[in-house]
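Encoded as structure tokens, the structure appears first; notes follow it.
Order of the sequence lines sets the chain letters (A, B, ...), proteins ahead of strands, with each chain counted from 1.
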Amino acid sequence: MKQGTAQVTAEICKKFGNDRTRLMDIAIAVQDRFGCVSHEAMEEIARQVRSHRVEVESLVSFYAFLSVKPQGKVVIRLCSDIVDWMKGYKDVAEAMARELGITMGETTPDGAITLTHTPCIGMSDQAPAALVNSVVVTHLTPERGRQLVRDLRRHLDPQQLVTMVGDGNNEHPLVRAMVRNNIRMRGPVHFADFEPGSALRKAVEMTPADVIRTIKDSRLRGRGGAGFPAGLKWEMAANAPGEKRYVLCNADEGEPGTFKDRVLLTECADQLMEGMTIAGYAVGSDTGIIYLRGEYRYLLPYLQSVVEGRRRQGYLGRDILGRKGLHFDIRIQLGAGAYICGEETALISSCEGLRGDPKNRPPFPPQEGYLGCPTIVNNVETLCCVSRILLEGSDWFASMGSSRTTGTKVLSISGDCRKPGVYEVPFGITARELIEMTEAENAGTMLIGGPCRQMIGPDRLEGRICYDDLATGGAIIIFNRARNRLEIAEHYLDFFIEESCGYCTPCRVGLTLLKNQVHKVIDGAGEPADLVEMRDLSNFIINTSRCGLGQAAPNPVLGALEIGDLSSGFVAERKPGLLPGFDLSKAVIDAELRVGRQSKYV
Amino acid sequence: MGSKPRIATVSLAGCFGCHMSVLDIDERILTLAELVEFDRSPINDYKEFQDRCAVGIVEGGCCNEENVEVLEQFRKHCDVLISLGDCAINGGIPAMRNNIPLRECLEEAYLKSPGVYNPLNVIPNDKEIPLLLNRVYPCHEVVKIDLFIPGCPPPADAIWAHLVSLLSGKPVEPDYKNLKYD
């Protein structure tokens with residue numbers, strides 16, 4: 001068996017050219033084959049790619065979808081995002097665990113099925129949802145959960161669980177997913193007809209500098225959330241010294257509540273890849289990488305077929321559109337379940353076959369990115385915009401939206417509303433209009449841009465979706481007035497604590513301290529000083545964390561503090577002198593029970 | 001009682017290392033004795049407060065009910081209460097038990113640990129022994145604390161500087177060289 005593991009592992013390494021930078025692909029392939037990346041396999045991988053076992057282990061231990069210990073043949077990952085909780089996650093989880101006879105995180109004794117949970121899988125509009133290996137199941141109920149387990153026990157084939165397929169390309173033979181697109185509003189940039197090759201033809205008639213000029217004139221800003229001007233990024237990369245340049249597409253939308261890229265990848269793959277090819281032409285790159293989050297693996301065969309189709313049509317590969325020397329090709333890099341890889345420097349690390357650790361900046365990726373070469377990293381939606389801008393012109397694009405944020409935005413809206421789904425709207429739309437569009441009743445709180453951005457209350461509904469006001473990468477989550485804002489904040493703190501890499505102390509330790517304090521107030525054991533401390537600690541974490549995760553994680557807490565009166569979570573003073581939050585009778589109860597006498601101080 | 005400001009000190013769940021650091025102000029202790037009157041403190045072994053105090057210095061966190069009671073007394077009698085050292089501020093070494101249930105801690109200490117001689121197999125349970133808390137609490141989770149001086153122990157110079165500022169009514173400004181630990 002040992003020999004077998006080593007041999008198969010060696011073959012897998014060989015398939016990827018024994019290339020150290022393809023460690024992600026190697027580890028994922030080994031995980032697929034054996035249900036784990038064992039120590040023997042890690043030894044062998046290290047030998048083949050001329051690395052060290054500890055380096056391989058550091059990668060394997062980083063990604064949630066890779067494991068050293070064997071997992072079941074089928075792994076059920078229930079999505080535990082807050083929207084799933086609101087839609088009944090807890091009951092589904094209990095029903096499935098009982099049916100399997102195991103608890104969350106365990107594998108059945110026969111090694112067949114593992115039940116675990118995972119943060120947002122990009123299905124908030126059809127929650128509760130789960131990944132069964134890479135197959136998505138949606139709209140779960142306790143009864144459907146039990147049935148799913150019974151079916152799996154019989155055939156152990158996740159694909160057979162798909163009895164009904166969704167709309168659009170979810171029906172495609174290479175996708176066959178029960179996922180629904182839920183496109184509620186079609187705008188002119190992404191959901192209008194697109195003829196493959198048309199934008200690329202226009203681009204190659206221009207000089208690369210003119211293409212960049214066009215993008216700059218359109219005032220296109222990055223759709224991932226940060227809003228950096230795309231044209232400027234391209235220009236920096238084009239002017240940076242270097243022999244080779246790279247175009248990376250960030251398809252790792254991990255921000256809880258975001259699922260618009262999933263729909264764009266499903267329905268606009270050609271438009272996206274064309275955007276990448278145009279970017280490659282503009283900055284002088286011949287290689288593109290789409291970093292596809294592991295949760296969207298069910299789209300991989302389809303996306304690969306689109307790549308191959310474009311190669312056949314002469315839109316990818318060598319001598320594109322018959323032009324001598326114009327080369328550009330795309331490979332798809334699969335992720336393995338790490339939120340932080342949506343941060344561009346972490347994404348680059350992951351593409352390089354490393355842990356998804358963010359890199360120090362400067363140098364910025366357009367100067368030194370993937371493998372040290374000038375690299376542009378753009379969001380799926382940004383690259384889709386590029387194709388449309390080339391077709392319709394920069395003036396057309398800039399005429400939409402607000403003055404400093406042009407074009408349209410694809411929003412993924414979920415939570416307490418009747419019509420969750422994807423909406424392509426012009427920038428500048430107000431939060432109130434979104435509430436009306438989605439038929440959300442009694443909306444009390446909105447998360448604009450997911451937990452890493454901002455939480456707003458009913459007094460800010462006139463705010464506008466744009467980079468100068470309510471900035472968002474696309475996630476909008478609506479909560480009704482009955483929901484406790486601090487509980488929302490606590491849920492997301494749990495998420496950030498789980499996703500923190502532990503590299504820096506403010507994030508690793510600070511978030512847990514913050515969670516404890518939030519919990520104290522939720523528990524009704526808080527006092528006014530807790531709110532001051534929560535704010536101080538939040539700001540401390542924001543100011544001293546190394547990367548965007550820690551710098552953003554306290555935002556839901558700050559939002560909850562900002563919006564509402566939290567005094568219902570305070571207790572009255574118990575004993576003069578002692579802080580109200582300290583309850584001596586609770587603190588001594590263990591000892592009282594042990595010795596059988598009461599404290600004389602209580 | 002004289003008119004000098006009074007100081008009280010106590011060691012709760014600490015090791016007296018912070019008190020050693022107080023003594024480590026060397027000959028300045030003579031100046032201190034001229035400036036202040038010591039109230040309840042291990043230095044003079046008073047067990048009860050004699051009068052209202054300007055400053056209370058607390059070493060160690062709260063690990064049992066008596067610690068809580070004493071800390072409460074300090075809060076009542078002192079104008080300014082100082083958490084001195086890492087145990088008072090964070091719980092320190094005693095707080096290492098915080099993730100282990102109380103029962104397991106006691107069994108490990110009195111019954112199971114290698115080298116334990118306990119033929120009657122009992123965990124001490126005299127009513128004079130204060131009841132342990134479910135975990136060790138830093139002082140500021142029990143009463144309001146006005147000043148925190150970190151360190152294990154805080155350097156004598158830091159303690160001296162803070163006391164002098166307080167007693168002379170000047171703002172207390174942390175001195176970087178006394179409070180860096182790298």
Side-chain angles (χ1 to χ4, degrees), chain A residues 497 504-506 508-537 540 544 569-602, chain B residues 13 49 56 58 61-79 81 83 89-91 95 97-107 109-111 122-146 148 182:
Chain A
I497 288 167
C504 66
T505 315
R508 184 183 67 244
V509 178
L511 290 179
T512 298
L513 292 177
L514 188 58
K515 182 207 146 81
N516 291 346
Q517 204 134 30
V518 168
H519 193 81
K520 188 175 155 195
V521 178
I522 293 174
D523 244 9
E527 52 201 278
D530 282 324
L531 304 191
V532 179
E533 274 180 44
M534 265 151 69
R535 184 167 286 130
D536 286 352
L537 184 56
F540 180 80
T544 53
F570 296 159
V571 289
E573 199 178 38
R574 284 175 227 273
K575 205 173 172 187
L578 290 190
L579 290 174
F582 178 78
D583 185 349
L584 181 61
S585 58
K586 265 192 192 161
V588 291
I589 191 136
D590 290 350
E592 285 179 340
L593 287 173
R594 202 189 64 77
V595 301
R597 65 181 153 88
Q598 282 204 321
S599 167
K600 57 183 169 183
Y601 299 107
V602 173
Chain B
F49 275 97
V58 183
C62 291
C63 77
N64 65 32
E65 54 179 358
E66 190 196 25
N67 293 157
V68 174
E69 169 69 17
V70 172
L71 188 56
E72 201 183 325
Q73 292 298 324
F74 265 69
R75 181 69 276 178
K76 256 183 218 161
H77 288 90
C78 302
D79 295 341
L81 202 53
S83 264
I89 296 173
N90 294 322
R97 78 161 162 99
N98 281 5
N99 292 319
I100 302 165
L102 182 60
R103 184 194 182 84
E104 281 177 40
C105 283
L106 291 168
E107 284 175 356
Y110 290 103
L111 306 177
V122 290
I123 294 172
N125 186 18
D126 192 281
K127 65 179 187 332
E128 291 302 315
I129 303 173
L131 295 177
L132 290 172
L133 304 183
N134 57 343
R135 64 178 174 91
V136 177
Y137 291 77
C139 293
H140 63 270
E141 286 187 16
V142 178
V143 300
K144 182 174 184 298
I145 297 290
D146 305 298
F148 300 85
D182 51 353

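Counting non-hydrogen atoms of other residues, nucleotides and ligands closer than 6.0 Å to CZ of A:F540 gives a total of 12 or fewer. For B:R103, the CZ atom counts as loosely surrounded, since its 6.0 Å shell holds 12 or fewer non-hydrogen atoms of other residues, nucleotides or ligands.
Separation of atoms CD (B:E141) and CG (A:L578) is listed at 13.0 Å; rounding is to 0.5 Å. Rounded to the nearest 0.5 angstrom, B:H140 NE2 and A:E533 CD are separated by 6.0 Å. Atom CD1 in A:I589 sits 12.5 Å away from atom CG in B:L102 (nearest 0.5 Å).
In terms of heavy-atom pairs under 4.5 angstrom with chain B, the leader among A:G577, A:S599, A:A529, A:A587 is A:A587.
Residues A:V588 and B:N134 have side chains not in contact (no heavy-atom distance under 4.5 Å, counting atoms from C-beta outward). Looking at A:L584 and B:L133, their side chains come closer than 4.5 Å, going by heavy atoms from C-beta outward. B:E65 has its side chain out of reach of A:V602: every pair of non-hydrogen atoms, C-beta onward, lies at least 4.5 Å apart.
When heavy atoms are compared at a cutoff of 4.5 Å, A:R594 approaches chain B solely by way of its side chain, counted from C-beta outward. At a 4.5 Å heavy-atom cutoff, the contact between B:Y137 and chain A is made by side-chain atoms alone. Both the backbone and the side chain of B:E66 come within less than 4.5 Å of a heavy atom of chain A. Contacts of B:L106 with chain A are made by side-chain atoms alone, with heavy-atom separations under 4.5 Å and no backbone atom involved.
Across every non-hydrogen atom of A:Q598 and B:L131, the tightest pair is C-CD1, 4.2 Å.
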